[in-house]
Amino acid sequence: MTLSDDIVYLKGVGPAKAKVLAAELDIHTCGQLLDYYPFRYIDRSVMATVASLSEESGYVVLRGSVSNMQTTSTGPHRERLTVDFSDSTGSIQLVWFAGTKWVREKLKPNVQYLIMGKPTLFNGQWQITHPELESAPAETPHTAPLQTNFLPVYNTTDRMKQHGLGTRAMARLTETLCNALGNVPETLPPDILEQFHLTSRRQALIAIHYPQNQQELDAARTRLKFEELFFMQLDYQYAHSSRQHHSSGRIFSSVGDHFNRFYNEKIPFPLTDAQKRVIKEIREDMRSGHQMNRLLQGDVGSGKTLVALMCMLLALDNGCQACLMAPTEILATQHYYTFLRMLDGLDITVELLIGSLRPAEKKSIKQRIASGKSQLVIGTHALIEDDVQFHQLGFVVIDEQHRFGVEQRARLWAKSTPPPHVLVMTATPIPRTLAMTVYGDLDCSVIDQLPPGRHPVRTFHRTENRRPLVFSFLKKQIDAGRQIYFVYPLIHDNPKLDLRDLIDGLEMVQSYFPRPQYQVSMLHGQLRADEKAFEMDRFKQGKTHIMVATTVIEVGVDVPNATVMVIENAERFGLAQLHQLRGRVGRGAEQSYCILMTKDNLSGTSRERIRTMCSTTDGFQIAEADLRLRGPGDMQGLQQSGLLDLKLASIIDDEPLVAATRNLIHDLLNSDPTLSRYPLLRQHLDNSKNKLLWGKIS
Ligand code: ADP
Ligand code: MG
């Protein structure tokens, strides 16, 4: 058989199972079945015995026979099947709640079975619920070439199990396929295979399911990881290099009045060295004649917005409009007022375009944008609607990039010819290795320095029994004139229930901080835009002492007088989110605090997250920890945007392989920019041409 064969023709599949495979795992072809790797293996040579079972056993393989089959009815059409399973050292109970009829028919006394599963202790007796089960192999169980003690274990869904596609059944399918597998086209060029001592693709695909031994498994994994990393980075680096060679961009050659007057008259403090360096990097891009696609990373409060504004002024100096797109109306509005204030007296037309404006207002703003009268436009998603036409859009800033989907960016990019220069700003730093891999086609600037005079936020972990102490500390802060945030997580799928939690929280806070002495604001996603703005304003102006909110305040909200961030149920937040929330304080001259309230018993990773937060304020360290704790495949935004589509490789654990493939591709593209000497790679690029690429769309 070949990889492109329809899975339905594989012996043992048939139309019903093919349908389940397609629905549950998106497997349609034999190749896709082989791409569904085992998540672990059972070594049959180390079989467990009943006597040896312990709490630490985990998933085990036992060999023995069954007896004493019993069915009890547990409701209409429901029954429980129990069977005694014994080997020479003792016996345990096997239990089924579903598929009992099938099991009953299949199990025979006096037959040796291999059973696999996770034993649990129930009333002093070991049990395995829904074990995997197969007849124990006779003396020569397998047909060549798959004679191996390694049994693959696959993730399966309930629906698959109901349709006879448990992990053992999956293993039989992959075994059948591996035995019947014909030619498998190679995807990597021969000289690369040789240089890195990689096994062939065919050999690797068979061995990832049925390795003869550990070495063979390692070799298969290395080959497949190499391939994943190689092609992912090839796509990004190729997009990058071909853009450098081809895409033309506006040339912003002059530094004019807008920039100079702002720089000389409006900034009350010196720029940090990091800000200066980044502005220089961006200026060089803008003069190069190629379209800029740059990622600007910098921790919260490092002064990215100021850098962005200055670059927008450069665009104005060169006769273009510039826009800034923010993820929420609160943020966009806040940027708008910040810009108005900073640009006061410079005679620059700044416009705010958000969804909640009245239609007539929107219409006239759009007209001004189209005529070129509006020079700087701040907005939300409203900016990318089709009827927003710019006169001459030269520069686009996208704030907090992880909140925007790929398609949305693409639409902004398409609003001008030649396309505008694009600066993507993110305050959720990405470890360097990851950035170089995933954003291999974006140039990257980093502001790695905070403005002088900032005190790092001090972070504490407190549990419920310490709440009175926490509140008396908060009272002191308020009495000293400071303000406080309380943030509650969104827990339920149902916004109404989340709101309930928030209101409970509000009542609790108000009971400690009674009116009229203390004033409390509340902010959440269910409020109308004008209500949000009203609450935010009162807090900003110091009319309320406390802001009780959901994570709507996570991004960018700037109230320098707020010095304490209390995060309730902090164990429910991810690290990136905790870091973002903490970034809401520590923005003024006063010492600020972040208090992480949690329940008593934390799981391992929750505790690790809290510990990380208490031990560092460095966004890059936090990002590293996040990646380690969650695994790169899980990184928010990356996975869903398809940027980090890795099945085996890990950006962290396989760093040497990441670096090797990155350097290899770099060298290949340097010596042969169109890859004319590598037909296989050329073919891959031609095939993936239609895929949306980050660099093209940011
Ligand atoms: P970011 O967007 O990176 O979170 P901002 O640009 O909003 O940071 O800056 C945070 C605060 O620091 C703002 O109040 C800004 O005016 C101030 N700021 C920016 N650059 C400097 C600097 N070089 N020196 C002092 N303060 C600065
Ligand atoms: Mg910001």
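As the structure lists them, so they are numbered: ligands from 1, and atoms in each ligand from 1.
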**Student:** Which of the atoms in ligand 1, numbered in the order shown and given with their element, are less than 4.0 Å from a heavy-atom of Thr272?
**Tutor:** 23 (N)
**Student:** Hey, which of Leu602, Leu596, Ile622, Leu575 is the one that makes side-chain contact (heavy atoms from CB on, under 4.5 Å) with Arg609?
**Tutor:** Leu575
**Student:** Going by the order shown, which atoms of ligand 1 are within less than 4.0 Å of some heavy atom of Pro451?
**Tutor:** 21 (C), 22 (C), 24 (N), 25 (C), 26 (N), 27 (C)
**Student:** Where does Asp299 meet ligand 1, judged by heavy-atom distances below 4.0 Å: at the side chain, the backbone, both, or neither?
**Tutor:** backbone
**Student:** Ignoring angles and geometry beyond distance, decide whether Pro270 reaches within less than 3.5 Å of ligand 1 through its nitrogen or oxygen atoms.
**Tutor:** yes
**Student:** Below the 3.5 angstrom mark, is there an N/O of Gly303, backbone or side chain, next to an N/O of ligand 1?
**Tutor:** yes
**Student:** So, does Gln275 use its side chain to make a donor-acceptor pair with the main chain of Thr272 at under 3.5 Å?
**Tutor:** yes
**Student:** Is the closest basic N to carboxylate O distance between Asp448 and Arg277 below 4.0 Å?
**Tutor:** yes
**Student:** Are side-chain heavy atoms of His335 and Asp399 found at a separation under 4.5 Å?
**Tutor:** yes
**Student:** So which bit of Leu271 gets within less than 4.0 Å of ligand 1, heavy atoms only: side chain, backbone, both or neither?
**Tutor:** backbone
**Student:** For ligand 1, which atoms, with element, lie under 4.0 Å from some heavy atom of Leu306?
**Tutor:** 6 (O), 20 (N)
**Student:** Quick one: which of Arg454, Gln449, Lys304, Met425 has a heavy atom closest to atom 1 (P) of ligand 1?
**Tutor:** Lys304
**Student:** Based purely on interatomic distance, does Gly301 place a nitrogen or oxygen under 3.5 Å from a nitrogen or oxygen of ligand 1?
**Tutor:** yes
**Student:** Is the Tyr485 ring parallel, tilted or perpendicular to the Phe539 ring (thresholds 30°, 60°)?
**Tutor:** tilted
**Student:** Parallel under 30°, tilted from 30 to 60°, perpendicular over 60°: which one fits the rings of Phe259 and Tyr263?
**Tutor:** parallel
**Student:** Please work out whether the ring planes of Phe513 and Tyr518 are parallel, tilted or perpendicular, with thresholds of 30° and 60°.
**Tutor:** perpendicular
